[in-house]
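Step one of this worksheet: look at the structure below.
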Amino acid sequence: MEKYDPGAVEQKWQQYWSKNPYLALDFGKKPKFVMLTEFPYPSGDGLHLGHTREYTYGDIIARYKRLQGYNVMYPMGFDAFGLPTENYAIKNNITPQEATERNVATFTDQFKSLGYSFDWTRVINTTDPGYYKWTQWLFLQFYKHDMAYQEESSINWCPRCKTGLANEEVLSSGRHERCETLVEKKKLKQWMLRITKYADRLIEGLENVDYPSRIADQQVNWIGRSEGAEISFVVAPAESETSGEATHKIKVFTTRPDTICGASFLVLAPEHPLVDRITTKDAKPEVNSYKKMVAAKSEIARAEEKNKTGVFTGAYATNPISGDKMPIWIADYVLATYGEGAIMAVPAHDERDHEFASKYSLPIVQVVAAEEANPVDPPRAGKKNTKRQTVSCLVKHPEKDEYLTINWTKRGWRTLPKGGIEDGETAEEAARREITEETGYKNLKYLGEMPYCRHSCFYAAHKDINRDITTIYLHFQLEDLDRDQPELDEIEAAEGIEAVWAPRSDLSSLTPHDPLDIITDWLDGKMICHTDCGTMINSGEFDGLLSSDASEKIIAKLESMGAASRKTSFKLRDWIFSRQRYWGEPIPIIHCADCGAVPVPDKDLPVVLPKVDSYEPSDTGESVLASVPDWVNVPCPKCQKPAKRETDTMPNWAGSSWYWLRYFDAHNDQAFADPKKLKYWGEVDLYLGGMEHTTLHLLYSRFWHQFFYDHKLVPTPEPYAARRGQGIILASDGRKMSKSLGNVINPTSVINDGYGADALRLAIAFLAPFDQTTPWNPEGVAGTYRFLVRVWNLCQQAQKSDSETVKAIPAEGWAAELRRVRAKTVKKVRDDLDGMHFNTAVAALMGGLNDLSKHGPDKETMADFCLLLSSFAPHISHELYHQLTGKQLDTAEFPTYDEKDLVDTEVEVVIQINGKVRSKVKVPADQVTQETLQSIAENDVRVKQFIGSTPIKKTIVVTKNRLVNIVI
RNA sequence: GGGCGAGUGGCGGAAUGGUAUACGCGGCAGACUCAAAAUCUGCUGAUCGCAAGGUCGUGAGGGUUCAAGUCCCUCCUCGCCCACCA
């Protein structure tokens with residue numbers, strides 16, 4: 001073959017591979033490496049470019065690891081249950097089974113045309129009864145350990161798909177993640193999996209695996225663990241209703257028990273079960289109409305509602321610490337599904353509560369004072385503590401957005417005007433006095449007091465005491481600048497202070513005595529006091545404590561009163577596992593009037609999907625399976641009386657929650673996998689997949705695996721040793737590829753355009769860092785194709801005559817130079833493959849080729865080049881390697897290099913003057929030493945021109961970077 | 001509002017604190033050709049200059065350093081995920 005013909009080359013090698021397949025060897029002696037990529041949903045549209053990116057990366061690593069001597073498993077399968085296939089079948093008037101078969105065949109052809117080195121003997125299909133038998137069996141293990149249960153609850157319902165959904169499948173916009181239909185709430189009896197039992201484990205397990213932080217963080221965030229306390233509030237019996245009913249207790253969950261004295265009211269979710277019982281007669285009509293209004297609102301409307309609404313129930317509870325009477329309200333900003341469905345509202349320290357309290361005029365009490373940082377003089381042990389109240393004054397300029405600040409020139413401080421409140425003085429009087437003393441201004445208009453005070457404790461050297469200070473902030477505006485020239489108090493003047501007008505943006509230069517964050521919030525009209533940590537005030541016996549300590553003490557006190565317990569809450573909900581569609585694994589349960597829910601005995605598995613005429617579920621929320629009497633009506637496995645099969649099917653996440661384990665033993669009909677094989681293959685070494693599955697498949701499958709581990713079904717606690725997420729390929733217009741936008745790129749058509757699979761694979765690898773979302777550049781394939789043509793031609797040239805090329809170049813330098821280029825390229829490609837920097841590895845190959853073609857390489861060098869290239873472009877590499885060596889590429893080892901060859905004989909030394917490049921000199925490599933470089937640099941002609949007579953201050957020589965910097 | 005990440009030529013993107021823009025795309029010029037395509041060679045950050053060469057330049061502003069795309073602080077913009085989570 002004179003000319004590169006990708007069609008012919010690729011066909012030839014794909015045929016070769018079908019006769020000489022890549023196999024993963026059970027119990028192989030070589031070290032094992034499991035390269036897993038997420039198996040596709042075989043849709044009717046065929047493979048898209050996103051799949052191609054994922055599987056190309058996987059194939060590059062699999063092939064690289066094989067050449068490095070690993071027993072590589074790179075498996076593939078099909079996750080084929082689910083609605084799209086059902087819809088595709090309806091549209092094409094075939095059964096979902098037929099549709100799946102058809103689509104799987106298309107995908108398989110496409111995979112083969114891309115040269116992926118999957119082990120085709122291990123292909124799995126989740127819709128194969130031989131596979132879903134074990135999905136059902138594993139489900140029953142959950143059931144038998146009380147991890148699967150049925151519950152009548154309000155679930156997410158997709159009216160278009162006519163099926164229930166898990167929380168994870170609902171987008172934040174309230175739409176179904178697959179079809180984008182608005183999700184409704186529906187009451188249905190559903191199968192649930194207790195994933196919440198594993199909430200902690202799912203977080204802890206992340207410490208022992210290699211996941212990028214964005215994936216680990218997202219899972220942690222989704223699980224949403226928060227620690228706090230569950231506090232009970234006793235409802236005071238309403239006076240008008242002396243029916244003698246037992247007192248009610250309202251439980252709330254809070255992460256901030258320290259703020260309990262600031263809890264001025266309680267709020268229940270409108271759906272809270274106690275609402276009806278505690279509402280007083282007078283409040284009933286209003287409460288009921290509010291509940292009705294809320295019930296009528298959709299989830300999204302509720303979430304989008306910006307203004308908080310609520311109504312008073314007429315009832316009161318008692319604050320167990322302060323003893324205060326707290327009105328009980330209901331409001332839809334409190335979620336029924338989180339915590340206890342009720343909160344203690346602390347309006348001073350929570351924005352939402354603040355908004356609500358302001359709207360309905362409920363009391364706002366600050367209980368945590370932000371701690372002023374005191375960088376200068378922290379309190380000293382053994383000194384007397386003196387309490388004191390001080391004022392800080394914010395004085396606004398009459399015209400500009402500027403404020404008075406004081407420069408304490410002797411101390412180097414800058415503060416707001418401030419000082420202590422003396423006996424018999426009001427805060428305002430003290431403020432006016434201090435402002436006048438420190439700035440001379442007198443004509444002040446009082447604007448008000450900031451609702452939150454601050455606390456600080458420091459050592460006052462001039463009095464030799466510790467001062468425990470509470471600071472109140474007062475706001476003034478200067479009335480008239482002209483009439484009010486600053487006239488300093490003599491004593492203050494002696495202190496060396498001066499008043500300066502500072503624009504608001506400049507207030508950040510104030511000494512941290514003054515709380516810029518709070519001042520700006522106040523000026524911006526945000527009245528909330530953000531205090532993660534501070535000093536307790538208005539909290540009786542807890543005053544003066546740090547809030548974190550107070551939290552502990554308050555919980556302890558409440559516990560001793562029997563009014564609270566420590567508790568951890570999670571955002572994670574149990575997994576709704578029922579679907580009301582046909583095309584899924586039947587849930588292997590039989591309902592018996594006497595025995596209840598009875599698992600289908602192992603010997604009767606799988607429960608095979610019956611053939612049906614139509615796939616549409618009924619409007620009652622039952623799947624179509626309910627209308628197949630022969631299938632539904634079966635004897636109870638326990639008592640043999642007539643019973644009925646469960647007609648719900650599993651979600652399409654079920655089959656994928658354990659599929660990688662099946663690759664380890666794909667044809668076992670005695671167990672889901674042989675324990676010895678599970679042990680040999682162990683954890684998946686690298687799992688590549690989409691970021692969109694972080695809180696869906698990835699979390700679900702980790703949950704299943706952890707459960708399996710606990711019941712000794714698998715040998716490792718975590719399924720995947722390392723996980724990476726590949727980025728999305730956007731269309732070249734920068735938008736998402738989608739059929740409706742008509743900007744979808746089909747990998748098969750790129751191959752058929754004449755570029756071939758190798759050029760496409762290279763273009764994908766070269767596109768961008770693997771985890772980066774980036775637009776597709778159609779011209780990129782033309783570039784990688786040209787590169788392959790050059791590789792082909794250079795190999796032909798190398799074969800024709802080694803001697804001819806040798807003649808062209810002095811023999812000695814030629815060989816050394818070739819070795820150097822080879823070593824450099826091998827190192828870069830190896831390092832980049834190890835670090836998954838595929839794009840720069842391809843760049844190195846291109847650069848290497850450019851260098852090699854200048855020197856006229858020999859056959860051996862080109863054979864090594866083909867090995868480097870082979871994981872990216874396997875077809876052409878196999879062909880050229882065979883041409884060059886007469887051997888099969890797969891029998892070779894990945895090239896290594898000699899460190900000595902990396903050393904250049906001559907290097908370029910950069911000479912900088914004051915950090916700017918002024919000259920470059922070629923220096924023999926053996927002369928790169930501190931002394932020689934320094935003298936070469938200082939004597940360089942151009943350098944001398946530059947320096948002139950200016951004396952050299954210092955010369956820095958960096959030998960490892962071949963750089964000299966002369967400082968003048 | 002919370003979490004994570006990113007800002008570098010016309011474009012995709014390179015760069016262990018040490019020559020910014022590797023590699024590729026696109027563009028320009030030339031060679032080959034009757035011509036075109038393909039291929040090959042050269043040029044291609046901005047700006048001033050006839051040139052040698054200078055100056056500026058990695059979102060903005062400060063700082064550390066002999067030296068900053070890279071480290072620190074402040075800010076701006078964009079992307080993704082989550083979001084009334086108590």
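Every chain is numbered from 1 and lettered A, B, ... according to where its sequence line falls, protein lines coming before strand lines.
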Quiz item: Taking atom P of B:rG24 as reference, at what distance in whole Å does atom CG of A:L760 sit?
Solution: 19 Å
Quiz item: Given that both distances must come in under 3.5 Å, which nucleotide forms a Watson-Crick or G-U wobble pair with B:rC40?
Solution: B:rG30
Quiz item: Touch check for A:R790, heavy atoms < 4.0 angstrom, all strands: base, sugar-phosphate only, or nothing?
Solution: sugar-phosphate
Exercise. Can you tell me the distance, in whole Å, between the CE atom of A:M344 and the P atom of B:rA86?
Key: 13 Å
Practice problem: Tell me what A:R786 touches on the nucleic acid: a base, only sugar-phosphate, or nothing, going by heavy atoms under 4.0 Å. | Solution: sugar-phosphate
Quiz item: Taking CZ from A:F838 and C1' from B:rC23, how many angstroms apart are they, rounded to a whole number?
Solution: 17 Å
Quiz item: Contact class for A:R573 vs. all strands (heavy atom < 4.0 Å): base, sugar-phosphate, or nothing?
Solution: nothing
Practice problem: Write down the distance between OH (A:Y333) and P (B:rA86), rounded to a whole number of angstrom. | Solution: 13 Å
Quiz item: How close do A:Y360 and A:K308 get, heavy atom to heavy atom, and via which atoms?
Solution: OH-O, 4.0 Å
Quiz item: Touch check for A:V334, heavy atoms < 4.0 angstrom, all strands: base, sugar-phosphate only, or nothing?
Solution: base
Exercise. May I ask you to say what A:F946 touches in the nucleic acid, namely base, sugar-phosphate or nothing, with a heavy-atom cut-off under 4.0 Å?
Key: sugar-phosphate
Quiz item: What is the distance from CG of A:N850 to P of B:rA22, rounded to the nearest Å?
Solution: 12 Å
Atom pairs, protein N/O to nucleotides 77-83 of chain B N/O, distance under 3.5 Å:
unit_1, atom_1, unit_2, atom_2, d
B:rC81, O2', A:Q218, OE1, 3.2

Practice problem: Using both distances under 3.5 Å as the test, list the Watson-Crick or G-U wobble partner of B:rG5, or none. | Solution: B:rC78
